[in-house]
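First the structure, in the form of structure tokens, and then the observations on it.
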Amino acid sequence: MKKQIIILPILLAFVLLFPIDASASSYFSDEMISFGRDAAQESVQAEDEFVLIQGGTFQMGSPAGEPERNSDEIQHSVTVRNFYMDKTELSQEDYEAVMGMNPSVTKGSNLPVTNITWYDAVQYCNKRSTAEGLIPCYRVSGTTVTWNKAANGYRLPTEAEWEYAARAATTTPFHFGDYVHNSDANCYNAYGYNNDASGSWVNGSDAYLRRPVEVDRYPANAYGLYNMHGNAAEWVWDWYGAYDSGAVENPCGPENGNAKIVRGGGWNDHPKHIRSAYRGAQPADVGLYSIGIRLVRSAGETDGEARSVYDVKAEQRTGRTLIVYFSQTGNTEGLANLIHEISGADIFRLERRTPYSSSSNGPVLYGEALDELRAEAVPQLKAYPDTSQYDTILLGYCNWWSSIPASVRSFLLHDDFSGKTIVPFCSMGGGHFGQTISAIAKLVPESVIREGLEVTYSSYDRNEISAWLEKSLPVQGEDEGSSLPGDKICEHSYRTDIVPATARQDGSITRICVSCGTVESRSVIPQAESLKLSKTSYTYNGKLKKPGITIEDSQGGMLEEGKDYTLSYPDHAKDPGIYKVTVRFKDNYSGTMEERFSIKPKGISISKLSQKKGGVLVKWKKQKQVLSGYEISYSTSRKFTKKTTRSVISGKGRATSKSVSKLKTGQRYYVRIRAFRTLNVNGKPKRLYSAWSKTETVMADK
């Protein structure tokens with residue numbers, strides 16, 4: 001077993017002399033982060049397997065431009081205290097020495113322990129603390145865990161502490177940079193990071209190890225921490241929930257939930273899921289072969305408590321089970337039909353209203369699925385099952401890009417799954433469950449999620465399926481929460497929680513008891529899907545332009561101006577140019593949307609076209625509008641074909657004539673003119689043209 005850490009006197013003195021508070025945020029942001037990195041590296045040997053992470057302030061989450069980010073990674077300022085973190089994921093040897101067992105699927109003394117629940121992790125922390133004469137951090141009562149922050153024992157990191165340590169003062173998607181090479185991390189790297197669906201990348205699928213490796217196998221980050229990306233994802237303290245929008249200090253997440261955050265991604269996850277900012281979510285009482293833990297201890301004086309309450313209960317109202325599945329190429333359908341045959345449960349197939357372009361596996365289908373995943377798309381389905389008749393949903397899907405297909409997302413966002421039991425089953429290739437359970441847990445936070453079943457494509461085993469059904473389906477009439485310690489009848493007092501919808505995802509309105517957390521009702525606020533202008537192009541007439549606006553939600557309804565949003569028009573949309581209309585959402589919606597319209601220059605006509613020695617002279621009437629210049633096009637063909645046509649520019653908006661010279665004498669030419677306004681669009685010049693004038697003809701002078 002690893003030795004108990006010993007706090008270096010000089011570092012402890014530093015902590016006591018320089019306590020962290022909000023007023024020191026700028027100091028910690030720069031100098032202290034640098035000190036933390038140096039001090040941590042110097043203390044590695046003295047502290048044995050733990051590293052001092054000097055606290056500071058950082059930007060948690062991902063910037064809006066980070067490729068393949070998720071919408072729940074909103075970047076915000078976070079300050080954390082000093083803490084000690086284990087250089088490696090907890091090994092199977094160390095876990096077994098304390099717990100007397102090793103639940104990991106892939107065995108090896110120096111491999112990370114996996115397949116443990118969040119509650120197993122808490123129990124390990126307490127047992128090891130007691131064994132080493134430390135004060136345990138956690139008090140456990142049923143599924144409620146209270147964290148004593150003043151205790152000096154082992155504990156799980158908070159989500160903020162984990163990301164702060166993983167980044168090691170970097171701002172790139174990974175602590176080692178912007179891309180993942182096989183030498184960087186243990187993950188499913190066949191397609192690379194932010195790549196297309198072809199799989200034509202430098203790594204290739206042959207490099208995918210398909211298993212965890214030693215806890216110190218890959219290079220450490222600047223803080224001396226190994227495998228912060230990939231190998232085994234790591235449980236943290238926090239329940240999954242939305243970030244606070246403002247600056248926060250030492251956050252520890254919501255008090256209630258059903259899924260705990262897991263960070264860093266595992267050996268079977270795609271590169272996007274091992275980024276520093278990615279937030280996985282896993283049912284707290286369900287272990288997985290790719291999830292382990294990394295221990296921390298507090299450094300310096302802390303106090304107070306934080307509670308973790310598993311507040312979701314499976315309701316048994318009808319005793320009925322429904323199989324719902326999406327299948328594109330038939331693998332999941334075969335599995336669903338066999339489950340239907342064995343269980344006798346009702347069955348419903350999800351079908352898209354607009355099918356994919358291809359019905360077979362390959363870059364076309366994978367490309368569309370990848371685009372939907374990146375956009376967090378919610379496509380319309382042909383029909384939806386009536387889930388109100390069922391207590392349990394057996395949810396089937398194929399693993400695409402380590403996540404659920406968009407059609408499954410549409411289904412989960414369509415109904416209220418409060419109190420229902422969801423049991424996933426998955427047909428997959430090499431990624432196993434990947435982040436599919438995480439995707440489900442995020443979408444239905446008021447449901448109970450049980451252990452799932454995964455099969456490789458169409459390799460179905462009747463005995464395995466029967467055993468899974470017997471283990472996973474709740475006993476009819478059983479109240480999942482009735483035996484929890486401390487439960488009592490609650491005289492409900494409800495509050496209404498609103499999660500605003502945005503232009504990218506649905507929101508929700510939830511009625512929840514402030515005492516016991518019982519959810520009375522939950523409704524979806526459909527996302528604002530499209531913004532349309534009544535007109536996107538005008539011709540200059542000197543009057544202010546204000547196009548009408550309609551905003552449609554994802555279910556075909558119309559948002560109301562004043563109630564759902566306000567409009568901001570440009571003040572001077574009169575002259576030729578490109579102008580922006582801004583929608584600012586309010587109440588049940590948040591964020592902004594923008595749309596642009598253009599005002600083209602008014603068309604002009606040639607007032608006189610005459611011969612001139614060596615060419616022709618073109619004249620037109622002076623324009624009152626704001627213009628940058630004129631383009632004169634001349635051709636030996638009435639049709640102005642590409643080969644016969646040339647143009648000249650008059651770069652003065654107030655000009656009224658232009659000579660065209662060096663023409664072929666005695667040749668008939670066709671001439672036309674149009675006005676333009678030059679604009680700066682995204683740092684590049686762009687011309688906005690009027691329509692062409694009526695064509696005039698002339699013989700070039702001899």
Side-chain angles (χ1 to χ4, degrees), residues 1-5 48-50 85-132 134 136-138 140 143 145 153-157 162 185-188 209-218 225-237 260-269 274 280 282-297 431-434 437-438 450-454 464 467-468 471-472:
M1 185 188 302
K2 296 173 183 175
K3 300 175 183 177
Q4 178 179 345
I5 65 173
D48 193 28
E49 298 301 325
F50 280 68
M85 177 172 270
D86 200 333
K87 291 196 300 181
T88 69
E89 299 148 340
L90 183 68
S91 71
Q92 294 176 26
E93 179 182 24
D94 284 351
Y95 186 86
E96 190 169 4
V98 173
M99 305 299 286
M101 58 173 296
N102 180 8
S104 307
V105 175
T106 303
K107 296 291 197 290
S109 61
N110 200 34
L111 299 182
V113 66
T114 57
N115 213 35
I116 59 174
T117 70
W118 185 85
Y119 293 103
D120 292 335
V122 164
Q123 187 181 20
Y124 174 83
C125 289
N126 277 358
K127 283 194 172 185
R128 178 166 169 179
S129 297
T130 300
E132 296 184 10
L134 303 173
C137 291
Y138 303 120
V140 182
T143 55
V145 179
Y154 296 100
R155 62 177 176 86
L156 301 177
W162 189 97
N186 181 19
C187 66
Y188 190 2
L209 299 180
R210 301 175 183 269
R211 59 177 176 81
V213 298
E214 292 78 7
V215 295
D216 54 358
R217 169 86 167 264
Y218 289 84
L225 306 172
Y226 294 87
N227 289 315
M228 296 300 282
H229 302 294
N231 205 38
E234 300 166 15
W235 289 111
V236 300
W237 165 261
K260 286 288 185 177
I261 295 289
V262 289
R263 284 302 206 114
W267 53 268
N268 60 320
D269 287 319
I274 70 168
Q282 175 77 4
D285 55 353
V286 178
L288 200 63
Y289 39 71
S290 57
I291 298 177
I293 57 174
R294 183 186 301 262
L295 301 182
V296 300
R297 286 182 62 190
H432 296 261
F433 271 123
I437 296 176
S438 174
R450 291 186 174 271
E451 185 175 338
L453 170 72
E454 60 181 12
E464 180 185 11
W468 165 70
K471 178 181 179 180
S472 300

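Throughout, residue positions are numbered sequentially from 1 according to the sequence presented. As the structure is a prediction and not an experimental result, all values here were calculated from the model.
Remark: Glu96 engages no residue in a salt bridge (Lys or Arg N to Asp or Glu O under 4.0 Å) (not counting sequence neighbours). For the ring-ring contact (aromatic ring centres under 6.0 Å, His included) test, no residue two or more places apart in sequence or in another chain qualifies with Phe433. In terms of the ring-ring contact (aromatic ring centres under 6.0 Å, His included) criterion, residue partners of Trp237 (sequence neighbours excluded) are, by chain and number, Trp118, Tyr138, Trp147. With sequence neighbours excluded, the residues satisfying side-chain hydrogen bond (donor to acceptor under 3.5 Å, both in side chains) with Trp162 are Glu234. Residues satisfying the side-chain hydrogen bond (donor to acceptor under 3.5 Å, both in side chains) criterion with Tyr289, sequence neighbours excluded, are Glu454. Annotation: salt bridge (Lys or Arg N to Asp or Glu O under 4.0 Å) contacts of Arg263 (sequence neighbours excluded): Glu159, Glu163.
With a 4.5 Å cut-off on side-chain heavy atoms, Pro112 and Asn231 count as touching. Annotation: side chain of Asp216 is not in contact with side chain of Lys87 (no heavy-atom distance under 4.5 Å). Counting only heavy atoms from C-beta outward, the side chains of Trp267 and His432 approach each other to under 4.5 Å. Looking at heavy atoms from C-beta onward, Ser438 lies out of side-chain contact with Val262 at the 4.5 angstrom threshold. Side-chain atoms of Tyr218 and Asn186, non-hydrogen and from C-beta on, do get closer than 4.5 Å to each other.
When all heavy atoms of Met85 and Met228 are compared, the pair lying nearest together is SD-CE, 4.1 Å. Taking all atoms of both residues into account, the shortest heavy-atom contact from Arg155 to Cys137 is CB-SG, 3.9 Å. The nearest pair of heavy atoms linking Ser129 to Pro136 is CB-CA, 4.0 Å. Minimum interatomic distance between Ile274 and Cys187 (heavy atoms only, all atoms of both residues): CD1-SG, 3.9 Å. The shortest non-hydrogen separation linking Arg294 to Leu225 is NH1-CB, 4.3 Å. The shortest heavy-atom contact between Tyr154 and Leu295 is CD2-CD1, 3.9 Å.
Here the straight-line distance linking atom CD of Gln92 with atom CD1 of Ile116 works out to 10.5 Å at 0.5 Å rounding. Distance check: Met99 CE to Asp94 CG gives 13.0 Å after rounding to the nearest 0.5 Å. Atom CD1 of Ile291 is separated from atom CD of Gln282 by 4.0 Å, given to the nearest 0.5 angstrom. Atom CG of Asp285 sits about 11.5 Å away from atom NZ of Lys260, to the nearest 0.5 Å. Note: Arg217 CZ to Asn227 CG = 9.5 Å, rounded to the nearest 0.5 Å. Summarising the geometry, atom CG belonging to Asn110 is positioned 6.0 Å from atom OG belonging to Ser91; distances are rounded to the nearest 0.5 Å.
Each of Val296, Ile293, Leu156, Ile261 was evaluated against Val236; a single residue qualifies, Ile261, per the side-chain contact (heavy atoms from CB on, under 4.5 Å) test.
Checking side-chain atoms of Glu89 against main-chain N and O of Val215 turns up no donor-acceptor pair under 3.5 Å. Looking at Thr114, its side chain never comes within 3.5 Å of a backbone N or O of Gly292 through a donor-acceptor pair. Side chain of Asn102 to main chain of Val113: no donor-acceptor pair is present (N/O by atom type, distance under 3.5 Å, no hydrogens or angles). Under the 3.5 Å distance criterion, the side-chain polar atoms of Trp235 are left unmatched by any main-chain donor or acceptor of Ala284. No donor-acceptor pair under 3.5 Å is formed between the side chain of Asn126 and the backbone N or O of Gln123.
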* CA sep, side-chain torsions, deciding dist, call: Asp120, Thr117, side-chain hydrogen bond (donor to acceptor under 3.5 Å, both in side chains) -> CA-CA 5 Å; Asp120 292 335; Thr117 70; 3.2 Å; yes
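Between Tyr124 and Tyr95, the ring planes are parallel. Angles under 30° get that label, and only those over 60° would be called perpendicular.
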